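These numbers come from the heavy atoms of this one structure, side chains and all, not from hydrogens, waters or symmetry mates. One-based numbering, in listed order, for ligands and for the atoms of each. Everything numeric in this text was worked out from a predicted model, so none of it was measured.
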Amino acid sequence: MRTVRTDFPILDQRINGRSLVYLDSAATSQKPRQVIEAVARFYRETNANVHRGLYGLSVGATELYEGARKKVAAFIGVDPEEVIFTRGTTESLNALSYSLGEAWVGPGDEILVTVMEHHANLVPWQELAKRKGAVLQAVGITPEGELDLEDFRRKLSPRTRIVAVTHVSNVLGTVNPISEIAEMAHEVGAKVVVDAAQAVPHMSVRVKEQGCDFLAFSGHKMLAPTGIGVLWGRKELLEEIPPFLTGGEMIREVWIDRATWNDPPYKFEAGTPPVAQAVGLGAAVEYLEGLGMEEVRRHEEELVAKVLEGLLARDYVDVYGPRDPARRGGVVAFNLKGIHPHDVATLLDQEGIAIRAGHHCAQPLHRLLGIAASCRVSVYVYNTPDDIEAFLAALDRVWEALGG
Ligand code: C6P
């Protein structure tokens, strides 16, 4: 992939005399100047509320906002009316747990998740199960860290109403077979919700080909600003389920004692939306399309292969998740034997290397792995093989200091 590092001003920073090595893009990505400039230009030249004003500025803002929706829709291969802008994956999934849950889940029904879910795709379903008297079950993983499809088949039942699954695990890196999962879930009549927070930024995701019913992701993990995300749903389902927020702009007509709803996606976008952030997301999508998502994926696979090779060659390291880079996304979680991950991350930070340490909002998975926390490296378009070499060399120094 062409060198894009120079597009990211934050990476020019020097930390302790060294240039910043940012290996925490799964938490949030850095932003290229093209995105920063698109947001700044919006505020400088077009800022106004959308869908309300009859004056030029507001029309311009509306065009940019709706233009961003079209770009996002094309990026994931869906219709613009199916793209709901939210604040991020967490909000998308919480909102869905109310809207879909209200219409679709009753006492004794079953909701199926997996043990590798991020809390954002677990806790809202726990809460729904509590509200409705439904039963929540979790599919396990194989010793290699892949989803246990036999267990999935066993736990699916005619009572399963919702299957909520991550496309790519933010800890194991595992890429789950969404089409296969959707096919099995649909056979029992369940709706399939995909948490694509770690997928859409990193690979070409053609939502309709996957056969899921709802999908969520965050802009800030794909070069866009914080405060913008997407909930995609099949049009016929969006028409059926109730809104989760009510108020301005989501209505068709209001009387003092009742109201009727606007069409999707507006039915789900009550209040003033995050306009500048959506414009930033549109710019991020353009930027990623310029690179080509196949190329983004190839680049990350190469870097992840280098991380895996380096970590597996060090006998002081435990690595979690599949060994084959082709079967995983852009994250690699690991531990140094007997060393607390926070100590590892702190010492690496002193060398200008940013990684994440903790439970990565996936406590049930960590419990299953028999650990309280892990270190995690995650890569993106601006990382280079030099970043990985710097990280591996620094890791040896951490081990010498703390463990060796
Ligand atoms: N994971 C990580 O460091 P939000 O915070 O709403 O943008 O995304 C939540 C979320 C949902 N699902 C998955 C698979 C995720 O990885 C995340 C965010 C970050 O792993 C922050 S905890």
With no hydrogens and no angle check, is any side-chain donor or acceptor of [X] less than 3.5 Å from a backbone partner on [Y]?
{"X": "D151", "Y": "D148", "result": "no"}
{"X": "Y43", "Y": "E45", "result": "no"}
{"X": "R327", "Y": "E146", "result": "no"}

Heteroatom distance test (T90, ligand 1): nitrogen or oxygen, under 3.5 angstrom: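 Yes, T90 has an N/O under 3.5 Å of an N/O on ligand 1.
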Heteroatom proximity flag, D24 to ligand 1, N/O under 3.5 Å: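 Looking only at distances, the answer is no, because the N/O contact criterion of under 3.5 Å is not met.
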For atom 15 (C) of ligand 1, the protein heavy atom that lies nearest, with its residue and separation: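 Here the closest protein heavy atom is H118 CD2, 3.3 Å.
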Atom 18 (C) of ligand 1: the protein heavy-atom neighbour that sits closest, reported with distance to 0.1 Å: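 Atom 18 (C) of ligand 1 sits closest to the protein heavy atom K221 NZ, 2.8 Å.
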Between Y380 and H202, ring centroids under 6.0 Å: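 Ring centroids of Y380 and H202 are less than 6.0 Å from each other.
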is_close_aromatic(F268, F244), centroid dist under 6.0 Å: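 Ring centroids of F268 and F244 are less than 6.0 Å from each other.
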Parallel, tilted or perpendicular: ring planes of Y287 versus F8, cut at 30 and 60 degrees: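 Rings of Y287 and F8: perpendicular, over 60°.
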Parallel, tilted or perpendicular: ring planes of H366 versus H360, cut at 30 and 60 degrees: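 Correct class here is tilted.
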Atom pair CD/CG of Q198 and L172 - distance to nearest 0.5 Å: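 Reported to 0.5 Å precision, the distance equals 12.0 Å.
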4.5 Å side-chain heavy-atom contact, I111 and R161: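 No - every pair of side-chain heavy atoms lies 4.5 Å or more apart.
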Heavy atoms only: which of [options] lies closest to [atom]?
{"atom": "atom 16 (O) of ligand 1", "options": "Q198, H167, M116", "value": "Q198"}
{"atom": "atom 22 (S) of ligand 1", "options": "H360, H119, R356", "value": "R356"}
{"atom": "atom 11 (C) of ligand 1", "options": "D195, L93, T86", "value": "D195"}

Find all atoms of ligand 1 within a distance of less than 4.0 Å from any non-hydrogen atom belonging to [X], and give their numbers and elements.
{"X": "N170", "answer": "2 (C), 16 (O), 20 (O)"}
{"X": "C361", "answer": "22 (S)"}
{"X": "T89", "answer": "6 (O), 8 (O), 11 (C)"}
{"X": "S218", "answer": "4 (P), 6 (O), 7 (O), 8 (O)"}
{"X": "A197", "answer": "11 (C), 12 (N), 13 (C), 15 (C)"}
{"X": "H220", "answer": "4 (P), 7 (O)"}

Geometric cation-pi criterion R131 and Y98, 6.0 Å radius, 45° cone: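 Yes, R131 lies over the aromatic ring of Y98.
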Heavy-atom gap R376 to ligand 1 smaller than 4.0 Å: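 In this structure, R376 qualifies as a contact of ligand 1 - some heavy atom is under 4.0 Å.
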A27 and ligand 1 - part of the residue with a heavy-atom distance under 4.0 Å: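 For A27, backbone and side-chain atoms both sit under 4.0 Å from ligand 1.
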